[in-house]
2 protein chains.
Amino acid sequence: MRLTRAGEYAVRCVMCLARNGGTESVVSRQDVAACGDIPSHFLAKIAQQLSRAGIIEILQGAKGGYRLLVAPEKLSLLTVIEAMIGEIFLNDCVVRPESCHASLSCAVNKVWMQARDQLRQTLAGVTFAKLLQEESCCILQGDKFPTQDEKNA
Amino acid sequence: MRLTRAGEYAVRCVMCLARNGGTESVVSRQDVAACGDIPSHFLAKIAQQLSRAGIIEILQGAKGGYRLLVAPEKLSLLTVIEAMIGEIFLNDCVVRPESCHASLSCAVNKVWMQARDQLRQTLAGVTFAKLLQEESCCILQGDKFPTQDEKNA
DNA sequence: ACAATTAAGACATTTTTTGTCTTATATAAA
DNA sequence: TTTATATAAGACAAAAAATGTCTTAATTGT
């Protein structure tokens with residue numbers, strides 16, 4: 001009953017992108033990995049899932065990297081997490097009724113359904129814009145990576 | 001982010017005991033296992049943990065079995081689940097701040113803390129007495145297995 | 001062309017969970 | 001007291017899930 005490492009990394013990745021220019025700039029995988037303390041190759045797989053979910057865009061080639069596709073104001077924790085680990089649930093019987101012969105008429109099952117809905121709602125209510133207003137999990141607290149223009153300058 | 005099988009089994013076990021006489025009677029491991037569709041030897045280990053937590057009493061020898069020690073009105077889902085899987089949490093950083101260098105000042109961490117508290121509160125509010133008033137997850141409604149015909153009748 | 005960068009996915013490792021088995025012990029009843 | 005019926009305790013095995021690494025190929029900017 002806990003968030004997987006992959007889910008945590010996905011959140012860190014998006015936090016990092018949101019902080020460093022949001023939908024406007026590209027951050028390399030290396031930089032995101034360093035920022036979020038994420039194994040670089042593991043991040044690659046996570047990014048691919050975030051990309052398939054339409055949350056980020058992956059740019060190949062030299063000067064490639066990741067770019068946020070959704071504005072931090074419109075992106076919730078729930079969206080990112082469920083893109084990584086699938087729909088959140090707290091007990092098997094909520095998503096796989098066949099795992100318990102009585103799910104449909106079960107009082108315990110109803111509690112888990114309710115708890116799940118409550119949790120999803122809580123996470124849906126938290127946007128990355130909101131999170132950015134406070135401190136963050138990244139190593140580089142305030143530091144921004146140089147934008148393309150700044151690099152060229 | 002889901003209840004383990006062991007946790008689910010523990011809930012079924014307590015439900016079964018609560019239904020079959022509550023704190024007044026002893027139910028054999030075999031019967032509880034059949035009732036809750038739980039591997040018998042696995043149940044043994046689960047029962048031992050419930051016993052250590054003071055939730056049930058284990059009676060050895062012929063006619064031995066398990067007996068509920070806490071009245072269903074005073075026993076919550078949270079108590080049983082946490083007896084099995086430890087304190088509930090949704091993200092590592094909530095219980096192991098060292099898993100993320102920024103936990104203490106992290107906005108995401110705060111969300112997980114809040115979500116955890118909310119979930120625990122929900123589960124704490126559900127007693128087994130309440131659950132018993134409705135349908136249940138156990139195969140055995142009373143003392144025997146209902147056939148399909150009996151169910152339909 | 002070359003250097004930098006990610007894609008894709010196979011592979012390995014580790015951790016967690018689930019389940020089984022064996023030997024020992026306790027209890028009820030004949 | 002002996003026997004049948006239970007559980008205790010924990011070693012062991014198997015399965016599943018999560019995490020991490022590596023290799024080959026493709027893409028892009030200079």
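Naming convention: chains lettered A, B, ... in sequence-line order (proteins, then strands); numbering from 1 in each chain. Just so you know, these numbers come straight off a predicted model, no measurement behind them.
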Q | Nucleotide dT5(C), atom C1' - distance to NZ of Lys63(A) in whole Å | A | 12 Å

Q) According to a strict under-4.0 Å criterion, is Arg29(B) in side-chain N/O contact with OP1 or OP2 of dT7(D)? A) yes

Q: Working to the nearest 0.5 Å, report the span between NE2 of His41(B) and CD1 of Ile46(B).
A: 13.0 Å

Q: Answer whether the closest heavy-atom distance between the side chains of Leu69(A) and Arg67(A) falls below 4.5 Å.
A: yes

Q. Taking OP1 and OP2 of dA6(D), is either one under 4.0 Å from a side-chain nitrogen or oxygen of Tyr66(B)?
A. no

Q) Which nucleotide in the list dG19(C), dT30(D), dA8(C) gets nearest to the side chain of Arg5(B)? A) dG19(C)

**Q.** Whole-Å gap separating P (dA25(D)) and NE2 (His41(A))
**A.** 15 Å

Q: Counting heavy atoms from C-beta on, name the nucleotide in dT17(C), dG29(D), dG19(C) closest to the side chain of Phe42(B).
A: dG19(C)

Q: Identify which nucleotide among dT21(D), dT28(D), dT25(C) has an atom closest to any side-chain atom of Ala62(A), counting heavy atoms from C-beta outward.
A: dT28(D)

(Q) In this structure, would Ile58(A) and Phe42(A) fall into the same cluster of hydrophobic residues linked by side-chain contacts under 4.5 Å? (A) yes

Q. So what does Ala47(A) hit on the nucleic acid, given a heavy-atom distance under 4.0 Å: a base, only sugar-phosphate, or nothing?
A. nothing

Q.
Given the structure, check if the side chain of Lys45(A) and the base of dG20(D) hold any donor-acceptor pair shorter than 3.5 Å.
A. yes

(Q) Can you tell me how far apart CG (Leu77(A)) and CH2 (Trp112(B)) are? Round to the nearest 0.5 Å. (A) 6.5 Å

(Q) Nearest heavy atom decides the nucleotide; on that basis, is Leu59(A) or Ser40(A) closer to the 5' end of DNA chain D? (A) Ser40(A)

Q.
Measure CZ/Arg67(A) against C1'/dT5(C) and give the value in whole Å, please.
A. 17 Å

Q. Toward the 5' end of DNA chain D, which comes first, Gly61(A) or Gly7(A), by nearest nucleotide?
A. Gly7(A)

Q.
Tell me the interatomic distance from Gln30(A), atom CD, to dT6(C), atom C1', rounded to whole angstroms.
A. 10 Å

Q: Please name the pair of heavy atoms, one in Arg116(B) and one in Ile88(B), separated by the smallest distance, quoted to 0.1 Å.
A: CD-O, 3.0 Å

(Q) Between C1' on dG19(C) and CD on Gln48(B), what's the gap in Å once rounded to a whole number? (A) 14 Å

**Q.** Length of the line joining Leu43(B):CG and dA9(D):P, which is rounded to integer Å
**A.** 14 Å

Q. In whole angstrom, what separates Leu3(B)'s CG from dT16(C)'s P?
A. 17 Å

(Q) Without decimals, in angstroms, what is the distance between Gln49(B) CD and dT17(C) P? (A) 11 Å

(Q) So, does Gln60(A) get its side chain near the phosphate of dT5(C), meaning an N or O under 4.0 Å from OP1 or OP2? (A) no

